[in-house]
Amino acid sequence: MEFDCKEISIDDSELGCRVTMSEKVDDGYYDDEWTIEELMDSIGPHIMITRTYPEDDSEDDYYHFESSDIEKNGELLDFEINLSRNKLSLLFDSEEFIVKFNIGNKKFEELKAALEIIVGEKGKLNLQD
């Protein structure tokens, strides 16, 4: 999967950290009567990478991947992210997901910081010029 990203959303809270990249900008419009297909089309191509923290100290963090290609969604066990100023490449389960973007320095630094949190001990983050 490959797409040009128009919107990057970062959510870092006490429950976990999530990065969502989508080809369409979320205009906030939603219709309760939409089918799953209509909802997915409104979002367009996207990926979401999440690290969720457990409520109990005896549990492990949970790493999750979601994309517009529903068959590829699931737990991230061993993954690699290559990040440059204009592209993110995510490699896992013999698949590569490429997201191209054009963002400023502040957003890039926010993205880099969030990805550093998300990769934790399960993944690898490579920064490229």
Which heavy atom of Ser22 sits nearest a heavy atom of Phe3, and at what distance?
C-CE1, 3.8 Å
Begin from the C-alpha positions of Lys100 and Asp4 and carry the test salt bridge (Lys or Arg N to Asp or Glu O under 4.0 Å) through to its verdict.
CA-CA 5 Å; Lys100 297 177 182 177; Asp4 292 326; 5.2 Å; no
Distance col, row Phe108:CZ vs Leu127:CG, nearest 0.5 angstrom, shows 6.0 Å
Taking the side chain as every heavy atom from C-beta outward, state whether Met1 and Ser68 have any pair of such atoms under 4.5 Å apart.
yes
Give the intermediate values and the outcome of salt bridge (Lys or Arg N to Asp or Glu O under 4.0 Å) for residues Glu7 and Lys24.
CA-CA 7 Å; Glu7 183 171 61; Lys24 294 183 179 180; over 6 Å; no
Kindly indicate whether the side chain of Ile103, heavy atoms from C-beta on, has any atom under 4.5 Å from the side chain of Ile8.
yes
With sequence neighbours excluded, what pairs up with Asn73 under the side-chain hydrogen bond (donor to acceptor under 3.5 Å, both in side chains) test?
none
Would a 4.5 Å heavy-atom cut-off, applied to side chains only, mark Asn126 and Leu83 as touching?
no
Value for CD (Glu110) from CG (Asp12), rounded to nearest 0.5 Å, stands at 10.5 Å
Of all heavy-atom pairs linking Phe101 and Met21, the shortest is CE2-CE, 3.7 Å
For residues 46-56, the salt bridge (Lys or Arg N to Asp or Glu O under 4.0 Å) pairs (sequence neighbours left out) are Arg51-Asp61
Search all heavy atoms of Ser89 against all heavy atoms of Glu96 and return the closest pair with its distance.
OG-OE2, 2.7 Å
For Lys107, does the NZ atom sit with more than 12 other heavy atoms under 6.0 Å from it, leaving out its own atoms?
yes
Can you list every pair that meets ring-ring contact (aromatic ring centres under 6.0 Å, His included) and has a residue in residues 65-86, with sequence neighbours left out?
Phe65-Phe92, Phe65-Phe97
Is there a side-chain contact between Ser67 and Met48, using heavy atoms and a 4.5 Å cut-off?
no
Are any non-hydrogen side-chain atoms of His64 and Glu75 less than 4.5 angstrom apart?
no
Glu109: which residues meet the salt bridge (charged side-chain N to carboxylate O under 4.0 Å, His left out) condition with it, sequence neighbours left out?
Arg85, Lys112
Please say whether more than 12 non-hydrogen atoms of neighbouring residues, nucleotides or ligands are located less than 6.0 Å from CD in Glu59.
yes
Between the CG atom in Leu90 and the CD1 atom in Ile47, the distance rounded to the nearest 0.5 Å is 5.5 Å
Ile118 versus Tyr63, closest heavy-atom pair with distance
O-CE2, 2.9 Å
Contact check, side chains of Val119 and Ile81, non-hydrogen atoms, under 4.5 Å:
yes
Under the side-chain contact (heavy atoms from CB on, under 4.5 Å) test, which residues partner Thr52, sequence neighbours left out?
Thr50, Tyr62
Quick check for you: to the nearest 0.5 Å, what is the distance between Ser9 atom OG and Leu111 atom CG?
11.0 Å
Heavy atoms, side chains only, cut-off 4.5 Å: are Ile98 and Lys87 in contact?
yes
By salt bridge (charged side-chain N to carboxylate O under 4.0 Å, His left out), which residues pair with Asp93, not counting sequence neighbours?
none
Only one of Leu88, Leu125, Leu91 clears side-chain contact (heavy atoms from CB on, under 4.5 Å) with Asn82; which?
Leu91
Looking at CG of Asp78 and NZ of Lys122, how far apart are the two atoms once the value is rounded to the nearest 0.5 Å?
9.5 Å
